[in-house]
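Below you'll find the structure, written out as structure tokens, and then a few comments.
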Amino acid sequence: MSFTLATWNINSVRLREGLVARLLQDEAPDVLCLQECKSPVDKIPMEAFRALGYSHIVARGQKGYNGVAILSRLPIVEAGAQDFASLGHARHVAARLENGVTIHNVYVPAGGDIPDRNENEKFGQKLDFLTEMRDFFRWDRPDRAILVGDLNIAPREDDVWNHKALLKIVSHTPVEVEHLGAAQASGGWVDVTRQDIPVGPLYSWWSYRSPDWNTADKGRRLDHIWATPDISNAAHGSRILRELRGWEQPSDHVPVFASFDL
DNA sequence: ATGGTAGGTGTCCTA
């Protein structure tokens, strides 16, 4: 059975309901994980998604900020959520599908502008969030699992438009990359996107502040798909849908896709 | 070195 999933930071699921519907119709992934829904759960336009065949939905939400959702065409048999770093934010939701695959959908804190936890509380919260992710997967090592989301870190030199210029910019600092690596290692997670596309620049986000995002191309790969080693060798067909950044009233992130032959 | 844009609990907060 081939299984396709996608992850997309949608930056308001209500404002961009139409874009989500268009992606579901055009690409028909089995599962779509959304971040930054910026909506209470009861105001997510679930009926529109159900009408397109995504009748199994789990979400965590709050007014205005954060928010994560998993839309699935396959039945969900169990759901849960963690509050990493005890922020009281809707930044994680998990679902186990009928096919035995567990999906973790994560929205890691952006971390503010100053990469120093003594000067910037939000940066410390980002590092703490990653440390608690590390500990969570260390004690309960996952199998047949996929972790996706806006991890708000571009770990590799070719995950950013200019490695040297971004070394002190939040999202690409060595301390963040180290924390992300520790969380990845503790679960044994394989970076599926880079397994499929091992070399060359790869971005999933372009700032709204760059008017000419396409030609300037100052992107970063902040959105990731990881899988546990027991299923990572079944992964293939990774794609980043860059062209969606050019849609009308776009999110600043584009969807990342991967397929698994399970 | 600076400031640029976008969305929502909107004239401030977060990204």
Side-chain angles (χ1 to χ4, degrees), chain A residues 7-23 33-46 48 59-69 83-92 105-117 119-130 148-155 159-162 164-173 176-177 179-180 203-224 242 244-256:
Chain A
T7 178
W8 194 8
N9 177 318
I10 194 61
N11 186 19
S12 176
V13 70
R14 282 182 281 173
L15 187 67
R16 284 184 249 285
E17 173 190 339
L19 272 58
V20 174
R22 184 171 163 194
L23 181 77
C33 295
L34 299 171
Q35 303 88 35
E36 266 204 282
C37 296
K38 291 185 171 177
S39 172
V41 171
D42 62 5
K43 291 190 175 172
I44 295 173
M46 296 204 191
R60 293 292 182 275
Q62 59 187 94
K63 257 195 221 170
Y65 303 101
N66 311 312
V68 287
D83 182 13
F84 298 121
S86 303
L87 301 172
H89 296 175
R91 294 183 178 273
H92 172 262
N105 180 14
V106 185
Y107 176 45
V108 173
D113 289 332
I114 303 169
D116 179 339
R117 70 184 309 153
E119 293 180 47
N120 169 19
E121 179 186 39
K122 288 204 281 265
F123 192 73
Q125 291 172 347
K126 181 177 196 175
L127 299 181
D128 293 345
F129 190 100
L130 293 162
V148 307
D150 177 3
L151 306 186
N152 263 315
I153 295 171
D159 290 336
V160 295
W161 65 279
N162 185 327
K164 279 191 174 178
L166 291 180
L167 275 171
K168 292 181 177 175
I169 302 298
V170 172
S171 75
H172 193 60
T173 64
E176 290 170 87
V177 172
H179 278 68
L180 184 70
Y203 313 140
S204 65
W205 173 88
W206 294 262
S207 172
Y208 283 128
R209 296 172 188 172
S210 176
D212 205 0
W213 69 272
N214 196 23
T215 50
D217 201 18
K218 295 183 175 181
R220 306 177 200 170
R221 187 172 71 105
L222 304 180
D223 303 275
H224 299 265
R242 179 188 175 104
L244 270 68
R245 187 63 177 76
W247 281 5
E248 190 176 342
Q249 204 169 29
S251 170
D252 46 351
H253 296 250
V254 298
V256 180

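Within every chain, numbering begins at 1; the chains are lettered A, B, ... in the order of the sequence lines, protein sequences first and strands thereafter.
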For A:S251, what residues pass the side chain to side chain donor-acceptor pair (under 3.5 Å) criterion, not counting sequence neighbours?
none

Flag, side chain of A:N120 to backbone of A:I114, donor-acceptor distance under 3.5 Å:
yes

In whole Å, what is the span from the CD1 atom of A:I44 to the C1' atom of B:dG8?
15 Å

In whole Å, measure the gap between the P atoms of B:dA6 and B:dT2 for me.
23 Å

By nearest nucleotide on DNA chain B, pick out whichever of A:D150 and A:S210 is the more 5' one.
A:S210

Will you find, in the side chains of A:S171 and A:E176, an N or O donor that is under 3.5 Å from an N or O acceptor?
no

Would you say B:dA15 has OP1 or OP2 under 4.0 Å from some side-chain N or O of A:Q35?
no

Gap in Å between the two C1' atoms, one belonging to B:dG8 and one to B:dG3, rounded
22 Å

Tell me: CD1 of A:I169 to P of B:dT2, nearest whole Å?
12 Å

Classify the angle between the aromatic ring planes of A:W247 and A:W8 as parallel (below 30°), tilted (30 to 60°) or perpendicular (above 60°).
perpendicular

Tell me the interatomic distance from A:D113, atom CG, to B:dG4, atom P, rounded to whole angstroms.
14 Å

Quick one: is B:dT5 close enough that its OP1 or OP2 comes under 4.0 Å of any side-chain N or O from A:S207?
no

If the cut-off is 4.0 Å, is A:R14 near the phosphate of B:dG7, judged by side-chain N/O to OP1 or OP2?
no

Flag, side chain of A:S204 to backbone of A:D223, donor-acceptor distance under 3.5 Å
yes

To the nearest Å, how far apart are A:N120 CG and B:dA15 P?
10 Å

Neighbour count >12 (heavy atoms, 6.0 Å) for atom CG, A:N214
yes

When the distance from CD of A:E36 to P of B:dT5 is rounded to whole Å, what number comes out?
19 Å

Quantified in whole Å, what is the P atom distance between nucleotide B:dT5 and nucleotide B:dG10?
22 Å

Close N or O pairs between protein and nucleotides 12-14 of chain B (under 3.5 Å):
from	atom 1	to	atom 2	distance (Å)
B:dT14	OP2	A:K122	NZ	3.3

If a pair satisfies salt bridge (charged side-chain N to carboxylate O under 4.0 Å, His left out) and one of its residues is in residues 206-218 of chain A, list it, with sequence neighbours excluded.
A:D217-A:R242

How close or far is atom P of B:dA6 from atom CD of A:E248, stated in whole angstroms?
12 Å

Quick one: on DNA chain B, does A:P40 or A:P109 contact a more 5' nucleotide (nearest heavy atom)?
A:P40

Report the distance from atom CG of A:D252 to atom C1' of B:dT5, rounded to the nearest whole Å.
9 Å

Specify the separation, in whole Å, of atom CG of A:L15 and atom P of B:dA15.
18 Å

Whole-Å C1' distance, B:dC12 and B:dA1:
26 Å

